[in-house]
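Order of the sequence lines fixes the chain letters, A, B, ..., with proteins taken first and strands second; residue numbering starts at 1 for each chain. Since we're looking at a predicted model, the values are computed, not measured.
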2 protein chains.
Amino acid sequence: MCDFHEMKSAARFSSHARLDESLLSELPAFSKLENQVIGEILEQAISRRYDAGACVFEEGDRADHFYLLLDGYIRVVRITPDGEQVIALHIPSGQLFGIAKALGRDTYPATAITAKESLALSWPMRLWDDFAARYDGFATETYKTVGQRMGEMNNRIVEMATQQVEQRIACALLRLINQSGRKVSDGIEINFPITRQDLSEMTGTTLHTVSRMLSAWEKVGVVKSGRKKITVCDPHQLVVLSTAKP
Amino acid sequence: MCDFHEMKSAARFSSHARLDESLLSELPAFSKLENQVIGEILEQAISRRYDAGACVFEEGDRADHFYLLLDGYIRVVRITPDGEQVIALHIPSGQLFGIAKALGRDTYPATAITAKESLALSWPMRLWDDFAARYDGFATETYKTVGQRMGEMNNRIVEMATQQVEQRIACALLRLINQSGRKVSDGIEINFPITRQDLSEMTGTTLHTVSRMLSAWEKVGVVKSGRKKITVCDPHQLVVLSTAKP
DNA sequence: CGTTTTCATTGCGCCATGACAAAGAACGCG
DNA sequence: CGCGTTCTTTGTCATGGCGCAATGAAAACG
């Protein structure tokens, strides 16, 4: 297990002393619920802050909690027998994760690591069935999320099977800016620190190749990149690159 | 839409004139139900036979039915903009498929094609919620299946990201014989016709490379292969190949 | 039974990428 | 502020496996 830290203060994330119903009421999983009911759910939640790079749970751990990411970014990672990492998925704030029970598993199928400082709620997994039964729309909305993630994974399989490295990296970048892009003066910036290594683990290549690719793109003005930071200046051109044939 | 044919006779699949409760009662999705309830479910089902290579539904079609594969084998396929096929998944008999509704979708996310002559039941999708609500264990068991498929997809992503072609093909073969292997005199044979092309679409490579690989393996006695047919003689050795480092 | 179609095998050349190596740049820490 | 660490860039080289092309073999067809 990794170490994490009790939340000292939620000040960075909420101006209220205690967690507020409005936090949840906009999220799909809870959108159909009354404020009062949400309050009830919140009372059972554990809230925690995680440092950047902290591990929330590891692949194979007994799945005894499920989580809701309030703020930050989660990286779902798998590690091969010979120590290579593969990033399977990124989870943006507002989504549930670690929902092994929903998939009929009793251990987590992958490791969850924060990509930056994050805040998450969690509930004991035994409440899952409760939630699903009692709260209207919870199950449905959850499975919608599962469906989306399956779709994403599916796309990645197709990508990896048919596309060249350049296109794969372009796709990965596009996904990232869609999911967590932040508009800045000279384009759209990825909202959390990301290294070439990370990008290579998302696309099944090496950090060297990613570095070369970014350099090349920077030369033609499609992106600007710095240490742990990437800004996409010309998203449209990136779309072209992501679908270009050899 | 592809063409399919009304089932003329279920004789090949069942000795009873009409569908029998025992057909379903062993399947996970229905395992917890009384025979009488199963009868009720069966009465609402449509039963159909499909020729080998027939298309059950296509990616993007309105998802108006969900299916249960009674006999045969289904290949879940996606097609890229430039016409390349990628085989995302194989579904063995006894499993549900086309369960878009369970994933919050209203169109099918991929195309389903029979790998050999097959028999499937189907129900109108509007019964889904009914089934989930009324039949104990149906939803749970279904999501277990979804979870398994996600796990498989996840593994494939890791494979494609980290392994070489030889290892990927070995993995694919192992999956196939696990899922639908048939013991024969000189090893384990894949239970439905499969071409090098198919195998290449499962592993993201070309039929040429697959052919070469099989030839090489045949030379050392790991497999025997013929037209549309592959027999694994030495599964253990194949496991070694599937994990060997360069 | 001959013809056509589908599927499989194999050789050859090339190129995208991985492997290795070394140096530079930004950051964090005492 | 200097030092170690982490991250990035760039060069050179080797090669896996893809593209292309031609042949062969088995099934399907009529």
Student: DNA chain C: B:Thr195 or A:Arg168, which has the more 5' nearest nucleotide?
Tutor: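 Counting from the 5' end, the first nearest nucleotide belongs to B:Thr195.
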
Student: For DNA chain C, determine which residues of residues 76-90 of chain B have any heavy atom closer than 4.0 angstrom to one of its atoms, and list them numerically.
Tutor: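 The stretch gives none, as no residue of it lies under 4.0 Å from the strand.
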
Student: Does either side chain, that of B:Thr111 or that of B:Arg75, offer a donor lying less than 3.5 Å from an acceptor on the other one?
Tutor: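 Looking only at side-chain atoms, B:Arg75 and B:Thr111 do not form any donor-acceptor pair under 3.5 Å.
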
Student: Does D:dC7 have OP1 or OP2 under 4.0 Å away from a side-chain N or O of A:Gln197?
Tutor: no

Student: On the side chain of A:His208, is there an atom forming a donor-acceptor pair with the base of C:dT17 - under 3.5 Å, no angle test?
Tutor: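 Absent.
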
Student: With distance as the sole test, does A:Arg105 use its side chain to make a donor-acceptor pair with the main-chain N or O of A:Thr107 at under 3.5 Å?
Tutor: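 The answer is yes, because a donor-acceptor pair under 3.5 Å joins these two groups.
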
Student: With no hydrogens and no angle check, is any side-chain donor or acceptor of B:Thr114 less than 3.5 Å from a backbone partner on B:Asp51?
Tutor: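 The answer is yes, because a donor-acceptor pair under 3.5 Å joins these two groups.
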
Student: Counting only non-hydrogen atoms, which of residues 209-235 of chain B are less than 4.0 Å from DNA chain D?
Tutor: B:Thr209, B:Arg212, B:Arg227

Student: Tell me: CG of A:Leu199 to C1' of D:dC7, nearest whole Å?
Tutor: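 My rounded result for the distance is 14 Å.
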
Student: Measuring from atom OG of B:Ser211 to atom NE2 of B:His208, what distance do you get when rounded to the nearest 0.5 angstrom?
Tutor: 9.0 Å

Student: Do A:Gln148 and A:Glu152 have side-chain atoms, one donor and one acceptor, less than 3.5 Å apart?
Tutor: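 Short answer, no.
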
Student: Excluding sequence neighbours, so at least two apart, what forms ring pair (Phe, Tyr, Trp, His ring centres under 6.0 Å) with B:Phe97?
Tutor: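 Here the qualifying residues are B:Tyr67.
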
Student: Measuring from the side chain of B:Arg196 (C-beta onward, heavy atoms only), which nucleotide among D:dC18, C:dT9, D:dT9 has the closest atom?
Tutor: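 Of the candidates, C:dT9 comes closest.
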
Student: B:Gln163 or A:Ile194: which one's nearest nucleotide on DNA chain D is closer to the 5' end?
Tutor: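 Nearer the 5' end of the strand: A:Ile194.
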
Student: Going from CE on B:Met150 to CG on A:Leu89, what distance comes out if it is rounded to the nearest 0.5 angstrom?
Tutor: 7.0 Å

Student: Starting from P on D:dT10, measure out to CG on A:Leu207 and report it in whole angstrom.
Tutor: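 Value for this atom pair: 13 Å.
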
Student: Do B:Arg168 and B:Glu159 meet the salt-bridge criterion of a basic N to acidic O distance under 4.0 Å?
Tutor: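 A salt bridge is absent here (no side-chain N lies under 4.0 Å from a carboxylate O).
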
Student: To the nearest 10 degrees, what angle separates the axes at the start and end of the helix from C:dC1-D:dG30 to C:dG30-D:dC1, five pairs each?
Tutor: 50°

Student: Using atom types as modelled, flag every donor-acceptor pair under 3.5 Å from a side chain in residues 233-241 of chain A to any protein atom, sequence neighbours excluded.
Tutor:
residue  : atom : partner  : partner atom : Å
A:Asp234 : OD1  : A:His236 : N            : 3.4
A:Asp234 : OD1  : A:Gln237 : N            : 3.1

Student: Starting at CD of A:Gln164 and ending at C1' of C:dC15, how long is that distance when rounded to a whole Å?
Tutor: 10 Å

Student: Do B:Glu218 and B:Lys224 meet the salt-bridge criterion of a basic N to acidic O distance under 4.0 Å?
Tutor: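 So B:Lys224 does not pair with B:Glu218 through a salt bridge.
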
Student: Using ring pair (Phe, Tyr, Trp, His ring centres under 6.0 Å) as the criterion, list what pairs up with B:Tyr73, not counting sequence neighbours.
Tutor: B:His90, B:Phe192

